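In listed order, ligands and their atoms are each counted from 1. Computed from a prediction, not measured in an experiment: that's the story for all the values here. Residue numbers run from 1 in the order of the sequence given.
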Amino acid sequence: MILITGATGYIGSHTWVELLNAGYDVVGIDNLCNSNIKVLDRIEAITSVKPKFIEMNVCNSNALKSLFNLYSIDAVIHFAALKAVGKSVNNPLEYYKNNLGGILELTQVMSEKNCFTLVFSSSATVYDANNPIPYQEGMPLGSTSPYGWTKLMSEQMLRDLEISNPNFSVAYLRYFNPIGAHESGFIGEDPLGIPNNLMPYITQVAIGKRPHLSIYGNDWLTHDGTGVRDYIHVVDLARGHLKALNYLMSGKGSILVNLGTGKGFSVLDLVKAFEKASNRKIPYQFAPRRIGDIAAFYSDSARAQKDLNWRAEYDLYRMCEDSWRWQSMNPNGYE
Ligand code: NAD
Ligand code: UD1
């Protein structure tokens, strides 16, 4: 049995579907602080499997113990975390408590119950922004936000845990920018309130919820002056988790990899691809640079290819098509 924490969230739900399609027995947990219970019906509609789900907080040690008593859990994929970078600056303690508390309680209960296999959601945000691009796994780390620090500190905690208990094997997966949605249009990204991230903002402009996109800066040192990122289809990302799980379960030890496409696209590249895929115009205005942004980053994805035999398959157009299908079939997300 595989346990997914943060299972009803954006990446968790897509990973859940891929695991069920691959024949895994899965139990999901989530406290629904940033996701919707309706995800469960959608997962069932896609996979024809009724998902096993328990609503609980991953920081609740007693609830975790009961869960491990109820199911014989072989491995955990840990997504549960708060992820809004800006909010983490204003509410740092909430982020440290939730994200570090979650990993602490989880790994403590795992140790107690002899479950030593963990896939951990890390982020490209752990790389020092002064690194040259593409980012490679061995490059210097650093962070500019409490959110980023929770990921860096979690990585460190897990490394120390591995040293103290060599039974543990951990996959540290550093995601770049996940966008897109399942091809069915049944599950996708459903942000609360005004989206902070580019793709959900674009889809909400396309559906008429927002008048225009603000592009943060047109004077970056990039090919067209707008920020460059490594956008990766969420289904490719989910499949990377399956590869990582198989790697750990085959007893090869721990692994640290970037999950990205290895290609950078600008904001304007994404807008153009989206307009083509959706056949809609995206009105935009240039606005000042967003505090904390950098010009460009993308992954070196060679290690994931070599060690996990994984590479992203979907291109930018497909990411836009799937994001648009999700948004147009669900103008109000899951509501
Ligand atoms: P998401 O918010 O959609 O999913 C996270 C889920 O965790 C939510 O359903 C939320 O309700 C749940 N959760 C949060 N705290 C919890 C707690 N204490 N107990 C139980 N459930 C809790 O986010 P996502 O985009 O699916 O991200 C998944 C993971 O990937 C997170 O750890 C995030 O930091 C990491 N990540 C995301 C991105 C991205 O751009 N989406 C990039 C890099 C890393
Ligand atoms: C986000 C996260 C970061 C994480 C990374 C990869 C934030 C603030 N940061 O950053 O922690 O590591 O994803 O998952 O959430 N843009 C606009 N207009 C908008 C929104 C964005 O022009 O309305 C631009 C940004 O300036 C940037 C690009 O679009 O150049 C992508 O932005 P975004 O989707 O927020 O991702 P990141 O900034 O990479």
Side-chain angles (χ1 to χ4, degrees), residues 4-15 28-37 39 54-60 63-64 77-89 94-95 97-99 101-103 105-106 120-127 143-145 147-148 150-151 154 173-179 188-192 194-202 204-205 210 212-218 220 222 226-232 234 237-238 241 259-260 264-268 270-271 284-299:
I4 305 184
T5 76
T8 42
Y10 174 45
I11 307 171
S13 56
H14 288 84
T15 305
I29 64 169
D30 202 296
N31 66 356
L32 303 174
C33 69
N34 197 38
S35 54
N36 196 305
I37 191 80
V39 167
I54 300 178
E55 182 178 339
M56 59 172 272
N57 192 319
V58 74
C59 301
N60 181 339
L64 279 176
I77 308 183
H78 180 51
F79 293 108
L82 298 174
K83 64 163 182 178
V85 176
K87 282 190 191 154
S88 82
V89 175
E94 187 190 350
Y95 272 68
K97 186 174 176 192
N98 191 70
N99 295 3
I103 192 90
E105 299 301 343
L106 175 68
F120 175 66
S121 294
S122 191
S123 167
T125 196
V126 301
Y127 289 108
S143 186
T144 51
S145 73
Y147 166 73
T150 69
K151 293 294 172 188
S154 298
L173 306 183
R174 293 182 180 156
Y175 315 154
F176 283 68
N177 290 50
I179 59 171
E189 188 172 11
D190 183 18
L192 283 176
I194 302 172
N196 295 310
N197 301 113
L198 181 59
M199 181 56 104
Y201 206 102
I202 290 179
Q204 292 197 5
V205 171
R210 321 230 164 249
H212 66 268
L213 170 71
S214 296
I215 298 184
Y216 302 136
N218 59 352
W220 296 101
T222 60
T226 66
V228 165
R229 297 290 184 271
D230 183 343
Y231 297 99
I232 173 167
V234 65
L237 188 66
H241 290 71
L259 293 181
F265 289 99
S266 72
V267 177
L268 285 174
L270 189 63
V271 168
Y284 63 80
Q285 291 174 1
F286 290 115
R289 292 178 175 190
R290 182 172 64 177
I291 293 167
D293 267 356
I294 59 174
F297 64 85
Y298 50 90
S299 65

Which residue and atom name correspond to the protein heavy atom nearest [atom], and how close is it?
atom	value
atom 1 (C) of ligand 2	Asn197 ND2, 3.8 Å
atom 30 (O) of ligand 1	Tyr175 CE1, 3.3 Å
atom 25 (O) of ligand 1	Lys83 NZ, 2.8 Å
atom 5 (C) of ligand 1	Ala81 O, 3.9 Å
atom 27 (C) of ligand 2	Arg229 NH2, 3.7 Å
atom 3 (O) of ligand 1	Tyr10 N, 2.8 Å
atom 4 (O) of ligand 1	Gly9 CA, 3.4 Å
atom 8 (C) of ligand 1	Asp30 OD2, 3.5 Å
atom 8 (C) of ligand 2	Val85 CB, 3.6 Å
atom 38 (O) of ligand 2	Arg290 NH2, 2.9 Å
atom 12 (O) of ligand 2	Ser123 OG, 3.0 Å
atom 19 (C) of ligand 2	Tyr216 CE1, 3.3 Å
atom 40 (O) of ligand 1	Pro178 CD, 3.4 Å
atom 31 (C) of ligand 1	Phe79 O, 3.1 Å

Would a 4.5 Å heavy-atom cut-off, applied to side chains only, mark [X] and [Y] as touching?
X	Y	result
Glu105	Asn57	no
Phe265	Arg229	no
Ile11	Ser121	no
Tyr147	Val89	no
Ile179	Leu270	yes
Asn31	Val58	no

Once you restrict to heavy atoms under 4.0 Å, what part of [X] touches ligand 1? Side chain, backbone, both or neither.
X	result
Leu32	backbone
Ser122	backbone
Glu189	neither
Asn98	side chain

Please confirm whether [X] comes within less than 3.5 Å of ligand 1 when only nitrogen or oxygen atoms on both sides are compared.
X	result
Val58	yes
Ser123	no
Asn34	yes

Roughly how far apart are [X] [atom1] and [Y] [atom2], rounded to 0.5 Å?
X	Y	atom1	atom2	value
Asn218	Leu268	CG	CG	8.5 Å
Ser154	Asn99	OG	CG	6.5 Å
Tyr175	Ser299	OH	OG	14.0 Å
Phe286	Ile215	CZ	CD1	5.0 Å
Ile4	His78	CD1	NE2	13.0 Å
Leu259	Ser123	CG	OG	11.0 Å

Taking non-hydrogen atoms only, is [X] closer than 4.0 angstrom to ligand 2 via side chain, backbone, both or neither?
X	result
Ser214	backbone
Thr226	neither
Val267	side chain

Please compare [options] and report which has the shortest non-hydrogen distance to [atom].
atom	options	value
atom 20 (C) of ligand 1	Thr8, Ile103, Asn31, Ile11	Asn31
atom 5 (C) of ligand 2	Asn177, Val205, Leu198, Ile294	Asn177
atom 35 (C) of ligand 1	Tyr147, Tyr95, Phe176	Tyr147
atom 28 (C) of ligand 2	Tyr284, Phe265, Tyr231, Phe297	Tyr231

Check each atom of ligand 2 against the heavy atoms of [X] and keep those under 4.0 Å away; list them by number with element.
X	value
Thr125	11 (O), 12 (O)
Phe176	6 (C), 14 (O)
Asn196	20 (C), 35 (O)
Asp293	25 (C), 26 (O), 38 (O)

Which of the numbered atoms in ligand 1 are under 4.0 angstrom from any heavy atom belonging to [X]?
X	value
Ser35	8 (C), 9 (O), 11 (O)
Cys33	10 (C), 11 (O), 13 (N), 14 (C), 15 (N)
Ser121	29 (C), 30 (O), 32 (O), 35 (C)
Lys151	31 (C), 32 (O), 33 (C), 34 (O)
Met56	19 (N), 20 (C)

Exercise for the section: For ligand 2, find out whether one of its N or O atoms is nearer than 3.5 Å to an N or O atom of Tyr147. Expected result: no
Practice task
Consider every N or O of Tyr201 and every N or O of ligand 2, then say whether any pair is closer than 3.5 Å.
Solution key: no
Practice task
Examine His14 together with Phe79 and report whether their ring centres are nearer than 6.0 Å.
Solution key: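 Distance test on ring centres: not under 6.0 Å, no.
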Is there a donor-acceptor contact under 3.5 Å from the side chain of [X] to the main chain of [Y]?
X	Y	value
Asn197	Met199	no
Ser214	Gln285	no
Tyr298	Phe176	no
Asn34	Gly9	no
Thr5	Ala80	yes
Thr8	Ser35	no

Practice task
For the pair Val85 and Asn196, evaluate side chain to side chain contact (heavy atoms under 4.5 Å, CB included) and give the outcome as yes or no after the intermediate values.
Solution key: CA-CA 9 Å; Val85 176; Asn196 295 310; over 6 Å; no
